[in-house]
Amino acid sequence: MTSEIRRTFYPLINCADPAASMEWMEKAFGFEPVAVHRDDAGEIVHAEMRYDTGLLMFGKGTPGTSAVYVAVDDPDAHHDKALAAGADVFRELADQDYGSRDYAAHDLDGNEWYFGTYRP
């Protein structure tokens with residue numbers, strides 16, 4: 001039997017200060033931090049919070065430009081297919097410190113989409 005990742009969608013919240021945003025989500029709504037990944041300077045580059053069965057991802061970015069992260073089985077093939085279809089890839093396929101292999105592209109309206117091997 002082949003192991004497959006279900007194509008699961010996770011909201012990705014871009015924050016000027018992910019730590020402050022996460023603290024607010026915890027106090028205001030009861031979200032619980034489940035993972036925090038920092039760069040060498042101690043800044044949060046990727047974090048996750050859970051509420052019941054829901055999961056939110058947090059990253060440093062421009063507030064108001066939230067995105068969607070889609071777990072896919074084969075990000076390399078997915079990336080190649082997206083490029084062949086003319087996708088506006090703005091972050092090339094790469095292995096991330098938080099364990100995913102992913103890339104990012106804009107859709108026709110300029111919305112950000114991330115595709116990779118994320119496994120909660």
Aromatic ring pairing Tyr98/His37, orientation class (parallel under 30°, perpendicular over 60°, tilted between): tilted
Determine the interplanar angle of the Phe29 and Trp24 rings, folded into 0 to 90°, and report it as parallel if under 30°, tilted if 30 to 60°, perpendicular if over 60°. perpendicular
Could you pull out the closest heavy-atom pair between Cys15 and Pro63, with the gap in Å? C-CG, 4.4 Å
Looking at Gly99 and Thr117, what are the two nearest heavy atoms and their distance? O-OG1, 4.2 Å
Going from [atom1] on [X] to [atom2] on [Y], what distance comes out if it is rounded to the nearest 0.5 angstrom?
| X | Y | atom1 | atom2 | answer |
| --- | --- | --- | --- | --- |
| Met49 | Glu26 | CE | CD | 5.0 Å |
| Phe31 | Asp52 | CZ | CG | 10.0 Å |
| Asn14 | Ser66 | CG | OG | 6.0 Å |
| Trp113 | Asp107 | CH2 | CG | 7.0 Å |

Check: [Y] and [X] side chains under 4.5 Å, non-hydrogen atoms:
| X | Y | result |
| --- | --- | --- |
| Tyr10 | Leu56 | no |
| Leu93 | Pro75 | yes |
| Val68 | Tyr114 | no |
| Tyr103 | His78 | yes |
| Glu112 | Leu12 | no |

Electrostatic pair Arg91:Asp102 at N-O distance under 4.0 angstrom: yes
Taking 4.0 angstrom as the limit, do Arg38 and Asp97 come out as a salt bridge? no
Quick one: do [X] and [Y] end up in the same hydrophobic cluster if we chain Ile, Leu, Val, Met, Phe, Trp and Tyr together by side-chain heavy atoms under 4.5 Å apart?
| X | Y | answer |
| --- | --- | --- |
| Phe58 | Val45 | no |
| Met57 | Val34 | yes |
| Leu55 | Met22 | no |

So His46 and Glu48, side-chain contact (heavy atoms from CB on, under 4.5 Å) or not? Walk me through it. CA-CA 7 Å; His46 177 84; Glu48 300 154 19; 2.8 Å; yes
Determine yes or no for a side-chain-to-main-chain donor-acceptor pair under 3.5 angstrom, with Asp39 supplying the side chain and Ala41 the backbone. yes
Would you please test Tyr69 and Ser100 for side chain to side chain donor-acceptor pair (under 3.5 Å) and show each step? CA-CA 11 Å; Tyr69 192 105; Ser100 182; 2.4 Å; yes
For Asp74, does the CG atom sit with more than 12 other heavy atoms under 6.0 Å from it, leaving out its own atoms? yes
Between Phe90 and His106, does a ring pair (Phe, Tyr, Trp, His ring centres under 6.0 Å) hold up when you go through it step by step? CA-CA 7 Å; Phe90 66 90; His106 290 116; 4.2 Å; yes
Derivation of the salt bridge (Lys or Arg N to Asp or Glu O under 4.0 Å) call for Lys60 and Asp17: CA-CA 7 Å; Lys60 190 159 181 75; Asp17 183 350; over 6 Å; no
